[in-house]
Amino acid sequence: MSTVKEILAPSPTAAPSLVAGNRRLSQLFIVVTWLICGVITGIIASSKGRTGGGWFLIGCLLGIFGLILIACLPSLQHQSGNSVQSQLVADYRPTKFCPDCGETVLQVANVCKHCGLRFGAPKPAA
């Protein structure tokens with residue numbers, strides 16, 4: 001009969017297989033962790049208006065560093081409040097009214113885009 005010590009003690013032939021099993025398990029854990037980082041990086045990137053597939057690959061290659069990188073990058077999607085304000089600033093240009101048709105045209109315009117009246121042209125003598 002075998003004693004408890006003999007049963008619990010690892011045999012010399014079983015030790016290499018345990019080490020190899022632990023090594024495979026740790027390699028599998030690393031691969032799964034990097035894939036999870038890639039998936040999370042792709043999801044965050046697509047929510048920020050960036051290419052999810054490309055950032056998935058970057059997340060797989062860089063791991064946690066790719067995740068930190070995409071978390072620090074700004075969103076490419078415009079916010080509604082800021083875009084309206086930027087449009088108002090961009091579209092503000094001095095205008096004038098056409099005396100012929102009454103439409104608004106740019107101050108620098110030489111011809112009315114609505115009726116074709118030339119501004120500043122001498123009036124024909126009658």
Side-chain angles (χ1 to χ4, degrees):
M1 287 187 54
S2 50
T3 64
V4 175
K5 279 188 172 182
E6 291 174 356
I7 294 173
L8 295 179
S11 67
T13 57
S17 66
L18 287 176
V19 172
N22 287 339
R23 186 173 296 148
R24 287 185 189 139
L25 186 62
S26 65
Q27 289 173 349
L28 180 65
F29 177 75
I30 290 171
V31 168
V32 168
T33 302
W34 286 65
L35 284 174
I36 290 172
C37 284
V39 168
I40 293 172
T41 303
I43 291 170
I44 293 173
S46 63
S47 72
K48 290 188 171 193
R50 298 180 183 270
T51 308
W55 278 97
F56 167 76
L57 293 176
I58 291 173
C60 286
L61 292 174
L62 299 179
I64 191 71
F65 298 111
L67 189 61
I68 293 170
L69 178 66
I70 193 62
C72 293
L73 287 176
S75 177
L76 292 180
Q77 297 171 345
H78 295 290
Q79 297 160 348
S80 61
N82 290 341
S83 64
V84 170
Q85 185 179 15
S86 64
Q87 278 182 343
L88 290 176
V89 171
D91 287 343
Y92 177 72
R93 294 180 274 180
T95 59
K96 61 183 176 183
F97 291 101
C98 175
D100 198 30
C101 66
E103 292 291 332
T104 305
V105 293
L106 293 176
Q107 184 73 32
V108 295
N110 293 327
V111 177
C112 177
K113 65 180 181 179
H114 303 284
C115 67
L117 175 74
R118 290 205 162 272
F119 299 112
K123 294 184 181 180

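A 6.0 Å sphere centred on NZ of K96 holds more than 12 heavy atoms belonging to other residues, nucleotides or ligands.
Note that CG of L57 and OG1 of T41 are 10.5 Å apart. Values are rounded to the nearest 0.5 Å. Between I64 atom CD1 and C37 atom SG the span is 4.5 Å, to the nearest 0.5 Å. In this structure, W55 CH2 and L73 CG are separated by 5.0 Å, a value rounded to the nearest 0.5 Å.
Contact detail for I70 and R50: the closest heavy-atom pair is CD1-CD, 3.7 Å. What you find for T51 and A45 is that their closest heavy atoms are O-CB, 4.2 Å.
You'll find the side chain of V111 reaches within 4.5 Å of the side chain of R118, heavy atoms only. For the pair F56/V39, a side-chain contact is recorded, criterion being any heavy-atom separation below 4.5 Å from C-beta on.
Cluster membership check: I44 does not share its hydrophobic cluster with L76, using side-chain heavy-atom separations under 4.5 Å among Ile, Leu, Val, Met, Phe, Trp and Tyr. Hydrophobic cluster membership differs between L61 and L35, with clusters built from Ile, Leu, Val, Met, Phe, Trp and Tyr side chains linked at under 4.5 angstrom.
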Compile the donor-acceptor pairs under 3.5 Å between side chains in residues 97-105 and protein atoms, sequence neighbours left out, one pair per line.
none

For this session: Check the pair L25 / F29 against side chain to side chain contact (heavy atoms under 4.5 Å, CB included), numbers first and verdict last.
Result: CA-CA 6 Å; L25 186 62; F29 177 75; 5.8 Å; no
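Under a 3.5 Å cut-off, the side chain of K48 and the backbone N or O of I43 do not form any donor-acceptor pair.
Taking Ile, Leu, Val, Met, Phe, Trp and Tyr as members and joining any whose side-chain heavy atoms lie under 4.5 Å apart, directly or through other members, the hydrophobic cluster of I30 also contains W34. When hydrophobic residues (I, L, V, M, F, W, Y) are linked wherever their side-chain heavy atoms come within less than 4.5 Å, the members clustered with L106 are V108.
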